[in-house]
A.B. asks: 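After the C-alpha cells below, expect a handful of questions from me.
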Protein chains: 2
Amino acid sequence: MRVRLEDVARAAGVSPKTVSRVLNDEANVRGPTREKVLAAMAAMDYRPHPSARSLAANRSFLVATVYDNPSSNYLTEIQTGVLDACDEHHYSMMVRPLHVESADFVERIDTLISHHRPDGLLLTPPITDHPQLLARLHELDVPYASVSPMNRSGSIGAFIDEPKAAREVVGHLLGLGHRRIAHVTGHPSHGATGWRLTGYREALSAAGIPFDPALVVEGDFSFSAGVAAARQLFSLSDRPTAVFAANDDMAAGVIWAAGEHGLSVPRDVSVVGFDDTPISRQIWPTLTTIRQPSREMGRIAALELLAALRGKGEGRMVQLPYALQVRESTAPVG
Amino acid sequence: MRVRLEDVARAAGVSPKTVSRVLNDEANVRGPTREKVLAAMAAMDYRPHPSARSLAANRSFLVATVYDNPSSNYLTEIQTGVLDACDEHHYSMMVRPLHVESADFVERIDTLISHHRPDGLLLTPPITDHPQLLARLHELDVPYASVSPMNRSGSIGAFIDEPKAAREVVGHLLGLGHRRIAHVTGHPSHGATGWRLTGYREALSAAGIPFDPALVVEGDFSFSAGVAAARQLFSLSDRPTAVFAANDDMAAGVIWAAGEHGLSVPRDVSVVGFDDTPISRQIWPTLTTIRQPSREMGRIAALELLAALRGKGEGRMVQLPYALQVRESTAPVG
DNA sequence: GCAGGCGATGACAGCGCTGTCAATTGGCAC
DNA sequence: GTGCCAATTGACAGCGCTGTCATCGCCTGC
C-alpha cells in the first residue's frame, strides 16, 4: 500500500489537515510545523493521490489544450510549453483536437468539460476567436487562456506584436534596397493574416512606398497557395524583387515557383516567411523568417491560467519577444 | 449540483450499485434492468465523476503517451490515434515528452507513474526499445503498448512490415530499370534503420544485384545527414542512378544536394523516401515514399492496450498495411 | 496579571463512486 | 408444488483527501 497523507501526518506528529495545508501551500501554518511536515513528506516519498484530491477539493487539477489543425510543429511546441507550466504546478494536461468549422463544435467542448471537468482551457488559434465558444465558456464560468488571440482585451494568455514583427521583416527587405515587395496573405479567418498585412502596409508606408494592390495576393498558409500566388506575381510585367509570405510554408512554395520561372533565390528575388518552422531550415536556400517563441508562449499562457486558477492573481495577457532570423533567402536587390 | 449516480439510481428504481454495474458494463444485470438504467442515465444526461470513479475503483482510466523527439508530424498523428481510441472507451490520455538519453530517464517514468498513476503507457520509438524501461514497467506491473517496437515478441501494439515496405520501394526503383541504387540509413539506435536496410538488401539480392558497400551511407534521419550522404554518393566515379533514403527528411536533403551537383531529379537521379511526411509533398519534385498509417497505428495500439486494461482479452501485436506513394521524384533510368 | 483577539491546529464529515459480501429472486428438476 | 442453485440485486463501508467549524494557545495592551 502506498504512503498516504495520514501516514505523513502520523510521522510528523500533526493532524492530517495540517499536512493537507502544507501540501496545498495554504497560509496559517507555522514555519517549524511546515518544516516538520515537509521533512516527513520527503522522507516517505509521499505523493498525493490525484483522484482523492480532486474529489475532495472539487477541482480536477487538469488543464485541457484545445486546438484545430495548426501545423503540427506549432502544436507540439505549444503543447510542450503548456506541459512545462503544468509540471511546475503539479497540474495535468490533456489535449483535444477539434474542428472549429463543425456544427457541433461548442457542444463538443461542453462534452469535454462535463466529462473531464478541466479546471481551465488553453486555446490556440483559430479557436481563440470563436465568439460562441468564448460566450459559452463565460456562461459555464470555465477560465481559459489564449495564445495569440485576435482580441486580447479581457482575456489572459500570451502574444507577440505581430504587426511590429511584420514591419521588421519587411524592413529587412527595405534595408536591402528592395522597393517592389509583394505580400502573400494568410487564411482570412486567422487573426495573424490581418496583423501581418497591416505590418506590411505600415512598413511600406513608413518608407514612402505607395501601396500597390497588384502586389498583394490572398493565400491560406499552405505550400500550394504560395506556389499559386508566386506564379501570379512572377508573371507581372513589373515583377516584385522580394516577396513576404505570411508563413514559412507559403514562402517555401514561393521559392519553388521561383525555380519554375527560372528565377534564382535570392539573386533574382528575395523571399521571407514567418514562424521559423523546421521547413525554413530544410529548404534551399534556407529561409529568412520571424521566430515566434511558441513553446514559451504556451508556457506563459498556461502559467497565467494556473495563476488565475490557484487564486494567485488575475492572470495577465503577456507580450513576448520575437526574433528576426536572417538566413539565405534574402540578398540586396540586384 | 450535478446529476450523481445516486440520482440515476433513484430515477431508475434500483440501487446505486446496479447503476454502477451498468455503467461499467459488468455481467449479471438483467436485460430489462439494464434498459431502465440506461434510459434514466440518458434522460438525466448523467456523466460519472472521473475522480470519484478512480478513487473508488483504484484505477485512473488514464493512458500516458510517452515520446522522445519523434518528428512532430509523426507524433501528432500517433497522438490523435491514441485519443481516438481513448475516446471510444472513455479513457483520458496524457502526453509526456522525455529524453531517452538522459541519465534519469527511467526515474522520470517512475515519477510520472507515481504522480499520475496511469493505468497503462503507450510507447513510441525509440522509447519502445529501452530495455531498462521495459524491465521496470514489468517490475511495476504497468501494462504498455508499443508502436513499431524493435522487438515485438511478448508485447502488444501495432507495426507495419518495414522490411517488406523497403523491399517494395526499392522494387519500384528496380522496376524503373535502376541497378545502381544507393541507401542512406537512419539513426543506428532506431529499429527502423535495420529493417529498412534489410529490405534494401533483400530487394537487391532478389533482383540478382550484388551488394555494394560503397552505396550505403550512414545517416541519422535528419535533412542535413541526407545532404552529407548525397554529397558523398554523387562524388563517386560510378554514381548511383537512384537513392533510397530511410526517411523523407533525408530524401529531401538528397534532392537538395542533387541540385547542388547539377543533377536533376528525377531525370538524372531518382530519389525515394519513407514515411510520407508533409515534406514529401512540400518539396519539388514531390517525393515517392512509403505511407505508414501512423494515426491508425496509434489507435490500434491504444485499443489493444485498453482491451488488456479492461480485461477484454490479452492485447495483441497487430500488423497494419502500408502503401507505396508514387510521386514525381522517380523516373525510368536515363 | 488578565481579558481579548487572532493565528494555528485539529475533529469530523463527506466528496461520488465501487468492492465485498449478504440477501433476494427466478428458473429448473423432480 | 417444493427445494435447490445460480443469477441478480442491494447494503454498507471506505477509497484518500479537503471544507467547515470548533478549539487551542499565544501575544498584546492596559
Side-chain angles (χ1 to χ4, degrees), chain A residues 1-38 40-41 44-62 90-92 114-117 119 309-311, chain B residues 1-38 40-41 44-62 90-92 114-117 119 309-311:
Chain A
M1 187 53 55
R2 292 176 56 89
V3 179
R4 285 158 311 147
L5 182 139
E6 189 191 338
D7 304 319
V8 176
R10 198 173 308 117
V14 299
S15 76
K17 179 65 214 184
T18 297
V19 178
S20 168
R21 275 193 265 264
V22 172
L23 194 63
N24 292 288
D25 209 29
E26 283 174 29
N28 299 336
V29 179
R30 221 176 310 220
T33 311
R34 183 181 300 275
E35 297 306 328
K36 257 192 319 190
V37 171
L38 288 173
M41 292 206 295
M44 307 175 80
D45 193 30
Y46 169 68
R47 321 273 185 170
H49 192 301
S51 302
R53 239 151 88 89
S54 302
L55 182 60
N58 198 27
R59 307 196 283 149
S60 61
F61 299 95
L62 211 208
H90 298 290
Y91 267 66
S92 302
S114 65
H115 265 149
H116 299 277
R117 301 153 170 268
D119 290 338
L309 292 180
R310 303 189 315 135
Chain B
M1 184 55 53
R2 291 175 57 89
V3 178
R4 285 159 311 148
L5 183 140
E6 188 192 338
D7 303 321
V8 176
R10 200 173 308 116
V14 298
S15 76
K17 180 64 212 182
T18 297
V19 178
S20 167
R21 275 192 265 263
V22 171
L23 194 61
N24 293 288
D25 209 29
E26 284 173 29
N28 299 336
V29 178
R30 219 172 312 221
T33 311
R34 184 181 300 275
E35 297 307 328
K36 255 192 320 191
V37 171
L38 288 172
M41 293 204 298
M44 306 174 83
D45 193 29
Y46 168 69
R47 323 272 183 168
H49 192 300
S51 303
R53 238 150 89 90
S54 303
L55 183 60
N58 197 29
R59 306 196 285 150
S60 61
F61 300 94
L62 211 208
H90 297 290
Y91 267 65
S92 302
S114 65
H115 265 148
H116 298 278
R117 302 153 169 268
D119 290 338
L309 293 179
R310 304 189 313 136

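Basis for what follows: all heavy atoms, side chains included, without hydrogens, waters or symmetry-related copies. On a predicted model such as this, the values are computed, not experimentally measured, just so you know. Proteins get letters first, then strands, A, B, ... in listed order; numbering begins at 1 in each.
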A.B. asks: Set out, in order, the CA-CA distance, both residues' side-chain angles and the distance that settles side-chain contact (heavy atoms from CB on, under 4.5 Å) for B:V37 and B:R21, then state yes or no.
C.D. replies: CA-CA 10 Å; B:V37 171; B:R21 275 192 265 263; over 6 Å; no
A.B. asks: Check every atom of C:dC17, D:dT18, D:dT9 against the side chain of A:K17 and return the nucleotide holding the closest atom.
C.D. replies: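 Ranking C:dC17, D:dT18, D:dT9 by closest atom to the A:K17 side chain puts D:dT18 first.
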A.B. asks: Locate the shortest heavy-atom distance separating B:A52 from A:L55; write the atom from each residue and the value.
C.D. replies: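 In this case the closest contact between B:A52 and A:L55 is CB-CD1, 3.7 Å.
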A.B. asks: Could you pull out the closest heavy-atom pair between B:Y91 and B:R59, with the gap in Å?
C.D. replies: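 Taking every non-hydrogen atom into account, OH-NH1, 3.5 Å.
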A.B. asks: Which heavy-atom pair separates A:M41 from A:V22 by the least distance, and what is that distance?
C.D. replies: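 Heavy atoms of A:M41 and A:V22 come nearest at CE-CG1, 4.1 Å.
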A.B. asks: Of all the heavy-atom pairs spanning A:A40 and A:A11, show the shortest one and how long it is.
C.D. replies: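 Closest approach of A:A40 to A:A11, heavy atoms only: CB-CB, 4.3 Å.
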A.B. asks: Looking only at heavy atoms, what is the nearest atom pair of A:F61 and A:D119, with distance?
C.D. replies: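 Looks like N-OD2, 2.7 Å.
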A.B. asks: Under 4.0 Å between a side-chain N/O of B:T18 and OP1 or OP2 of D:dG10, yes or no?
C.D. replies: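 True: B:T18 side-chain N/O within range (under 4.0 Å) of D:dG10 OP1/OP2.
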A.B. asks: Heavy atoms, side chains only, cut-off 4.5 Å: are A:D45 and A:V3 in contact?
C.D. replies: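 In short, these two side chains do not touch, never coming nearer than 4.5 Å.
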A.B. asks: Heavy atoms within less than 4.0 Å of DNA chain C: which residues of residues 21-34 of chain A have one? Give them sorted by number.
C.D. replies: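 Hits under 4.0 Å, by residue number: A:R21, A:N28, A:V29, A:R30, A:T33.
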A.B. asks: Please list residues of residues 49-62 of chain B whose heavy atoms come under 4.0 Å from any atom in DNA chain D, ordered by number; otherwise none.
C.D. replies: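 Close to the strand are B:L55, B:A56.
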A.B. asks: Whether A:S15 contacts C:dT9 is assessed here as follows: a side-chain N or O lying under 4.0 Å from the phosphate OP1 or OP2. Is that the case?
C.D. replies: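 No, no such contact exists.
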A.B. asks: Only counting residues at least two apart or in another chain, list the ones meeting side-chain hydrogen bond (donor to acceptor under 3.5 Å, both in side chains) with B:H49.
C.D. replies: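 For B:H49 there are no side-chain hydrogen bond (donor to acceptor under 3.5 Å, both in side chains) partners, ignoring immediate neighbours.
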A.B. asks: At what angle, to 10 degrees, do the two end axes of the helix from C:dG1-D:dC30 to C:dC30-D:dG1 meet, given five pairs define each axis?
C.D. replies: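 About 20° separates the two local helix axes.
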A.B. asks: Mind checking side-chain hydrogen bond (donor to acceptor under 3.5 Å, both in side chains) for A:S51 and listing every partner two or more places apart, or none if nothing turns up?
C.D. replies: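 Expected list: none.
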A.B. asks: Pull out every protein N or O sitting under 3.5 Å from an N or O of nucleotides 23-25 of chain D, one pair per line with the distance.
C.D. replies:
none

A.B. asks: It should be established whether B:Y46 places a side-chain nitrogen or oxygen under 4.0 Å from OP1 or OP2 of nucleotide C:dC17.
C.D. replies: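 The answer is yes; a side-chain N or O of B:Y46 sits under 4.0 Å from OP1 or OP2.
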A.B. asks: Rounded to the nearest 0.5 Å, how far apart are CZ of A:R53 and CG of A:N24?
C.D. replies: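 The distance works out to 5.0 Å.
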A.B. asks: Would you give the length of the straight line joining atom CZ of B:R47 to atom CG of B:L5, rounded to the nearest 0.5 angstrom?
C.D. replies: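 B:R47 atom CZ to B:L5 atom CG measures 15.0 Å (nearest 0.5 Å).
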